[in-house]
Amino acid sequence: MKKIVIIGSGIGGLSTAIILAGLGHDVTVLEKNRQPGGLLRSYTRDGIECETGVHYLGSLDNGQVLRKFFDYLGVTDSIPVSRMGQHGVIDRYLFDSPATHPARFDLPVGLDAYEESLKKTFPAEHTIIEQILVSIRKTSEQLHELDHLYASDNDFSLLDQAESYGEILDQLGCSPGLRSVLAIPSSWIGVPIADCPAYYHNMALASYLSSSWRLEQSGADMAAVLVDRLNELGGKVITAAEVDKITIRSRTVNGVQLKNGECLTSSIVIAAIHPQVVLKMLPDGAVKPSYKNRITKLKNTHSIFTVHARVDANSHPEIPHNIFQVDTDKKGNITDLKYYQFRKSERKNTTLLSILTSGNDELWAPWKETQTGRRGNEYREVKNKYAESLLCEAEELFGSFKDMKILDAYTPLTIRDWVHSPDGSAYGVLRSSSQTLATALLNRTAVKGLCLAGQNVLAPGLIGTIMGSFSTVKLILGADEFRKKIRL
Ligand SMILES: Cc1cc2nc3c(=O)[nH]c(=O)nc-3n(C[C@H](O)[C@H](O)[C@H](O)COP(=O)(O)OP(=O)(O)OC[C@H]3O[C@@H](n4cnc5c(N)ncnc54)[C@H](O)[C@@H]3O)c2cc1C
């Protein structure tokens, strides 16, 4: 039994903790916030649960990857979900320029239905679509089978699909319309299609096509379920415990120091936070300049601005699919994207409308040096104005909203301060083709006993992050022990 300290109680930290506690280790998770969950966690406004980082989930059907993960963690029955796509649609994409693009494309459930829809929408591109589907099918199989987790070498043998998806589509001679439909899945992980490795594009797409779900309860409830499960296995989460330093002796980790000066000793420290933040916690000289340089130079994904508003449920009831309003350039690359979700809320006759769009960083630049809660009225006014403009745009699509009230809006600065993601990056390290080498094996560090977990080590999203947790556990146990002890 090893004493293990995990920094961060997002889905990455909590899932790693549950796996290790289940194997009998003494696990403590340290969380800087007063509540656990990180981006998993929702918050309440006007009695309505507003989500932060979990709007919908993929692959929770029997035998599918997230279901396997939840089963292993022992939380499937405690996280009620409802299936999307009963009416044949998971996502509706609305495009801006009908001359080169379809006015709309509906993402259906299942790979065969997807192929059929693409062919119906782009009848001149059957051959290209068939070729595209071959690699998506292959990735889908790999994703659900999880063989790569059991391989002795790297977790992902990306080499055959590391090429950028944009380049592949160029080579195939894909039209701007088809390209813009295919560009959306890579935006779910924050990577522009021109630079998105084919594997990540296919993984993101296959994970939702396989089956898509919404949480029946809130993100805060989900965080509570994971914490309870960890407690059941003998592990614990300490909140309001911000780690300031990772302590090292003779190039080996020996614990952490909290901001309040308290020290915890441990022979294994897992930092389920951004690697650039970890770097700042290490003493001078703890890692080689080459490692420091590699981590410092990593590019991150963009941030997100979100507005949550309540609207009258009779005129705007829940919509059981997501809606994306997509602006593209002539080539079919996405230039702007807005995500809309209409969900039944906790309040009677009230629907929660959530709108997510890119962070628009320059708007918040004057407040870069300020902290959440201390940004003043002007910031609040700019935020509200921007939120109102997004709601006005939404009314053009959905008709005017009755009894509409903005519940909350959050900016990249909020995300930055809430979870310590650099510049409020939504999905952490950019998984781009041009960063393939720099982002490989990010769960290893140059310090013995210190490894990383969380969305930055393999891929973002619930699936990518939990997969990263298993991959980090494999690093700690070794591939042989992992194969013996972990059956997914
Ligand atoms: C707006 C938005 C929408 C999203 N929508 C979806 C979606 O619909 N579906 C999906 O699958 N994924 C979605 N994602 C992605 C998903 O939320 C993330 O990939 C995932 O939650 C990341 O988990 P994590 O554990 O790596 O990081 P985090 O959740 O960021 O957790 C890190 C934790 O570490 C803590 N921490 C940081 N520094 C310290 C310190 N020094 N000491 C102690 N604790 C510290 C933070 O407070 C935080 O709790 C979305 C993300 C965003 C931003």
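Note that ligands are numbered from 1 as they come in the structure, with each ligand's atoms numbered from 1 the same way.
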| Tyr427 and Trp188: ring pair (Phe, Tyr, Trp, His ring centres under 6.0 Å), yes or no, with the steps? | CA-CA 9 Å; Tyr427 310 104; Trp188 298 328; over 10 Å; no

| field | Full working for salt bridge (charged side-chain N to carboxylate O under 4.0 Å, His left out) between Asp26 and Lys3 | value | CA-CA 5 Å; Asp26 173 6; Lys3 200 169 166 194; 5.6 Å; no

| said: Is there a salt bridge (charged side-chain N to carboxylate O under 4.0 Å, His left out) between Asp417 and Lys32? Walk through the geometry before answering. | reply: CA-CA 11 Å; Asp417 293 356; Lys32 75 173 179 66; over 6 Å; no

| message | Before you tell me yes or no, could you show the steps for Glu318 and Lys344 under salt bridge (charged side-chain N to carboxylate O under 4.0 Å, His left out), namely the whole-Å CA-CA distance, both residues' side-chain angles and the distance that decides it to 0.1 Å? | response | CA-CA 5 Å; Glu318 172 163 84; Lys344 207 168 102 194; over 6 Å; no

| request: Please assess Phe398 against His316 for the test ring pair (Phe, Tyr, Trp, His ring centres under 6.0 Å), listing each intermediate value before the final yes or no. | output: CA-CA 8 Å; Phe398 305 107; His316 287 90; 7.3 Å; no

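Note on ring orientation: taking the six-membered ring where Trp is involved, the planes of Tyr43 and Tyr410 are perpendicular (angle over 60°, cut-offs 30° and 60°). Ring pair Tyr56/Tyr339 is parallel by interplanar angle, where below 30° counts as parallel and above 60° as perpendicular. Using a 30° and 60° split on the angle between ring planes, Phe324 and Tyr93 fall in the perpendicular class, above 60°.
The proximity of Ala241 to ligand 1, defined as any non-hydrogen pair under 4.0 Å, is limited to the backbone. When heavy-atom distances to ligand 1 are checked against a 4.0 Å cut-off, Thr465 comes that close only through its side chain, counted from C-beta outward. Heavy atoms of Val54 found under 4.0 angstrom from ligand 1 belong exclusively to the backbone.
Taking every non-hydrogen atom of Leu356 and a distance limit under 4.0 Å, the qualifying atoms of ligand 1 come out as 1 (C), 3 (C). Those atoms of ligand 1 with a heavy atom of Ile11 less than 4.0 angstrom away are 20 (C), 21 (O), 23 (O), 25 (O). Numbered from 1 in the order shown, with element, the atoms of ligand 1 that lie under 4.0 Å from a heavy atom of Gly38 read 29 (O), 48 (C), 49 (O). Short contacts between ligand 1 and Tyr208, defined as distances under 4.0 Å to a heavy atom of the residue, involve ligand atoms 9 (N), 10 (C), 11 (O). Heavy-atom proximity to Ile7, at under 4.0 Å, picks out these atoms of ligand 1: 40 (C), 42 (N), 43 (C). Annotation for ligand 1: atoms under 4.0 Å from non-hydrogen atoms of Glu242 are 41 (N), 42 (N). Proximity to Gly454 (heavy-atom distance under 4.0 Å) selects the following atoms of ligand 1: 26 (O). Using a 4.0 Å cut-off to heavy atoms of Met281, the atoms of ligand 1 that qualify are 41 (N).
The shortest heavy-atom distance from Trp418 to ligand 1 is under 4.0 Å.
Looking at Asn456 next to ligand 1, no N or O pair under 3.5 Å apart turns up. Considering backbone and side-chain atoms alike, His55 places an N or O below 3.5 Å from some N or O of ligand 1. Taking distance alone, with nitrogen or oxygen atoms compared against 3.5 Å, Gly461 approaches ligand 1 more closely than that limit. Considering backbone and side-chain N/O atoms, Glu31 comes within less than 3.5 Å of an N/O atom of ligand 1. The N/O atoms of Val243, backbone and side chain alike, include one that comes under 3.5 Å of an N/O atom in ligand 1. Residue Tyr56 places at least one N or O, backbone or side chain, under 3.5 Å from an N or O of ligand 1. Taking distance alone, with nitrogen or oxygen atoms compared against 3.5 Å, Leu40 stays at or beyond that limit from ligand 1. Below 3.5 Å of separation, one finds an N or O of Lys32 facing an N or O of ligand 1. Of the polar atoms of Leu57, none of the N or O atoms is found under 3.5 Å from an N or O of ligand 1, judged by distance alone.
Scanning the protein for heavy atoms near atom 25 (O) of ligand 1, the closest one is Gly12 N, 2.8 Å. The protein heavy-atom contact nearest to atom 28 (P) of ligand 1 is Leu39 N, 3.9 Å. In terms of protein heavy-atom proximity, atom 11 (O) of ligand 1 is closest to Leu462 N, 2.9 Å. For atom 19 (O) of ligand 1, the nearest non-hydrogen atom of the protein is Gln455 OE1, 2.6 Å. Remark: minimum distance from atom 36 (N) of ligand 1 to any protein heavy atom is reached at Ile273 CG2, 3.6 Å. With respect to atom 1 (C) of ligand 1, the closest heavy atom belonging to the protein is Thr52 O, 3.4 Å. Looking only at heavy atoms of the protein, atom 32 (C) of ligand 1 is closest to Ala272 O, 3.7 Å. For atom 16 (C) of ligand 1, the nearest non-hydrogen atom of the protein is Gly53 O, 3.6 Å.
The residues Lys368 and Asp361 are annotated as not salt-bridged, no charged nitrogen and carboxylate oxygen being separated by less than 4.0 angstrom. Electrostatic pairing of Glu232 and Arg229 counts as a salt bridge here, judged by a charged N lying under 4.0 Å from a carboxylate O. Salt bridge status for Asp244 with Lys259: absent, with no side-chain N to carboxylate O gap under 4.0 Å.
Atom CZ of Arg380 is separated from atom CG of Asn384 by 8.5 Å, given to the nearest 0.5 angstrom. Rounding to the nearest 0.5 Å places CD1 of Ile476 at 11.0 Å from CZ of Phe482.
For the residues Tyr410, Tyr427, Phe305, Trp213, the heavy atom positioned nearest atom 51 (C) of ligand 1 is part of Tyr427.
A distance of 6.0 Å or more separates the ring centres of Tyr200 and Tyr165. Aromatic pair Phe305/Trp364: ring centres closer than 6.0 Å. Ring centroids of Phe105 and Phe95 are separated by 6.0 Å or more, keeping the two rings apart.
For atom 34 (O) of ligand 1, a protein heavy-atom neighbour is present inside the 4.0 Å cut-off.
The one candidate from Lys299, Arg294, Arg431 that meets the side chain to side chain contact (heavy atoms under 4.5 Å, CB included) condition with Thr439 is Arg431.
The closest side-chain heavy-atom distance from Asp46 to Arg310 is below 4.5 Å.
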